[in-house]
Amino acid sequence: MSDLLELEPYLDMGEIQGNIFEGFNKDFQAFLFFSYGPQPADLTPVRAWISGLAERIAWLKDVVAFKKQFRALAAGMTGADPGPLSTCWINVGFSHPGLARLHGDAAQFDDVFRGGLPSAVGRLGDPKKPEQRGHISRWLFGGRDSVPDVVLLLASDDEPKLEAGMLAEREKATAAGLREVHTDLGRDLARWNVTPPFPSGHEHFGFKDGVSQPGVRGRVSSAADDYLTPRPAAAADPGNGIEYGKPGQALVCPGEFVLGYPRQSDIDPRRAAYPYELGTAGNGGKIAGPAWAKNGSFLVYRRLAQDVPAFNQFLTRQAAELAKSAEFAGLKEDRLGALLVGRWRSGAPVLRSPNNDDETLGTITGSNNAFTFATNLNSQDGYSSAPSDPEGEVCPAASHIRKVNPRGLNTDQGGPAGTLVRRILRRGIPYGRPLPVGALSDSASEDRGLLFLCYQASIRDQFEFLCSSWANDESKPTPQLTPNSGIDLILGQSPRGDRVRYLMLGEQRIETRADEEWVYPTGGGYFFAPARDALVNVLGAALVA
Ligand code: HEM
């Protein structure tokens, strides 16, 4: 087999930024957005800053080693906090304008990345009218005239360490002539001093987040079975051949997330496809970027405000309405929320616990993700089995998690392997002080929401596809459902910005309409997270073609 089609290739641990495959997963994160300043400018100090930055970045090898050590220490300390090991990690991303000013070959990136988020607002269904909140003219940064050149990502479990890291990085950047144009501070909501305390790992509407991620194939050493994603389950779905790391964690080839590696076949879950072409010397395939984009990944950053009272008011009002129907008699707002997400607030999947939240199930890694929508999965862990639900009678076809990951189902794209090539690695974190779960008002009208981040090899075929072709299209991803299943009411935008937001619930397919929006964009951008070699020898180098 050619190396280009290797299913479990060796991953270049010293080259790939750590947040991409491994995820920082830290309680405090800061995102510092900079501009190089007006043109023309001598970018020599910026280049020196970039090559110096390469020394401070947490690469995949650092993050993997740290996490191993952390786990060992935590185990040895019988649950005590292994505080001495806390650290502040740094990663970086460049927008297309930021790359184009450093290297002419940046023109080889595809048009979606080149156009950036300002060109994508129409495709994503963002609000169209300037008077609407979420309209690009009202963004805090990343609008048409305010695309930053570079973003620094800093992460720590220790707030003072994060603050010290921010101070140090600001000093270095400013000394190199960079201007900070925006800062976002993310924080695990359990780290706010509020009463009652907010649960850790949950987003502002109260739902556990970060449960389901793809498992990335590939090896981290020359040993044959030293995989990046451990394989305790080592099982394949008999129905469709998808292989898993943990239950529900479908394995996907690394080229779907980082350039230069074999991609996932969209026909056979256990086969690789050729990597994206890089550089101009390709043999006719799609060119994803210049040769130096190898080991790099595209980062989508969306600052999504969440109107928590509007969401909860909708649940209260609509639950009362639905409770009048025979199928949903007695329906409470918590269950309606679970139907919109596809999971209860604890993280328990609706498919495994249709009528009530099950907080224990929600917290058990693996059990909380063991379902496919397509095949009946018999229980192996003492919880209810997960039925097949092709029509969305138990877990609505337009629920958030089903829209963006229809798992084992056939879709308008073909068989389930066609869904593997749409997966993204989510790395988001909430910002802003939480309201109590279920709150119906906010006297202080504070800004809060999700700093949504995801990495992928193609923004067009992954993030944008999920938003515009599946979440916002009432007839997809599951074809042949009559009537249409509706749109994803959690992800936020209305389809094409002006049509009714609705979804179908239950066996009777009762329509639920939402006149208001509770998630809207307030900034963001498309960035590229380069490899170490690109930082040191291309973008940071003094002499550039
Ligand atoms: C404020 C906006 C959002 C909220 C509150 C939200 C919330 C959630 C929650 C509660 C889950 C279930 C837990 C989990 O599996 O991690 C989830 C899953 C997911 N979300 Fe979002 N989300 C938001 C925006 C987005 C956006 C913009 C995308 C982009 C496509 C997205 C893609 C996903 C994906 C891929 C999953 C995993 C589905 C699975 O594999 O089962 N989300 N989200």
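When a ligand or atom number is given, it counts from 1 through the structure's own listing order.
- Of the candidates Arg303, Arg133, Gln132, Tyr520 forms a side-chain contact (heavy atoms from CB on, under 4.5 Å) with just one, namely Arg133.
- Of all the atoms in ligand 1, the ones that sit under 4.0 Å from a non-hydrogen atom of Glu203 are 5 (C).
- Annotation: Phe109 is in aromatic contact with Phe298 [ring centroid separation under 6.0 Å].
- Taking a 4.0 Å cut-off on heavy atoms, Arg302 fails to register as neighbouring ligand 1.
- In this structure, the protein non-hydrogen atom closest to atom 41 (O) of ligand 1 is Arg407 NH2, 2.8 Å.
- For atom 20 (N) of ligand 1, the closest non-hydrogen atom on the protein side is His400 NE2, 2.9 Å.
- No salt bridge links Glu333 with Arg335; every basic N to acidic carboxylate O contact stays at or beyond 4.0 Å.
- Judged purely by distance below 3.5 Å, without hydrogens or angles, the side chains of Arg460 and Ser468 never pair a donor atom with an acceptor atom.
- Of the N and O atoms on the side chains of Arg263 and Tyr276, at least one donor lies less than 3.5 Å from an acceptor on the other residue.
- There is a side-chain donor-acceptor pair under 3.5 Å between Asp412 and Trp470.
- Comparing Arg426, Lys208, Gln456 against atom 19 (C) of ligand 1, the shortest heavy-atom distance belongs to Arg426.
- The proximity of Gln306 to ligand 1, defined as any non-hydrogen pair under 4.0 Å, is limited to the side chain.
- Asp381 and Ser367 form a side-chain donor-acceptor contact under 3.5 Å, judged by distance and modelled atom types alone.
- The closest side-chain donor-acceptor pair between Glu256 and Gln456, if any, does not fall under 3.5 angstrom.
- When only interatomic distances are considered, the shortest N/O to N/O separation between Val404 and ligand 1 does not fall below 3.5 Å.
- Within the set Pro521, Ser212, Ser468, the minimum heavy-atom distance to atom 40 (O) of ligand 1 is found for Ser212.
- Remark: minimum distance from atom 9 (C) of ligand 1 to any protein heavy atom is reached at Asp209 OD1, 3.7 Å.
- Within ligand 1, the atoms closer than 4.0 Å to a non-hydrogen atom of Gly210 are 14 (C), 16 (O), numbered from 1 in the order shown.
- Side chain to side chain, Asp184 and Tyr301 meet the donor-acceptor criterion of an N or O pair below 3.5 Å.
- Judged by distance alone, the side chains of Asn484 and Ser475 never bring a donor and an acceptor atom under 3.5 Å apart.
- Scanning the protein for heavy atoms near atom 14 (C) of ligand 1, the closest one is Val211 N, 3.2 Å.
- Contacts between His204 and ligand 1, counted as non-hydrogen atom pairs separated by less than 4.0 Å, are absent for every part of the residue.
- When the options Arg270, Arg271, Arg217 are evaluated for a salt bridge (charged side-chain N to carboxylate O under 4.0 Å, His left out) with Glu8, the one that passes is Arg217.
- Interface of Phe207 with ligand 1, defined as ligand atoms under 4.0 Å from a residue heavy atom, comprises 10 (C).
- In summary, the atoms of ligand 1 found under 4.0 Å from a heavy atom of Arg423, numbered by their order in the structure, are 40 (O).
- Annotation: atom 4 (C) of ligand 1 to nearest protein heavy atom, Ile490 CG2, 3.7 Å.
- Here the heavy atom of the protein found nearest to atom 3 (C) of ligand 1 is Leu450 CD2, 3.7 Å.
- The option with the heavy atom closest to atom 31 (C) of ligand 1, from among Tyr520, Trp470, Phe452, is Phe452.
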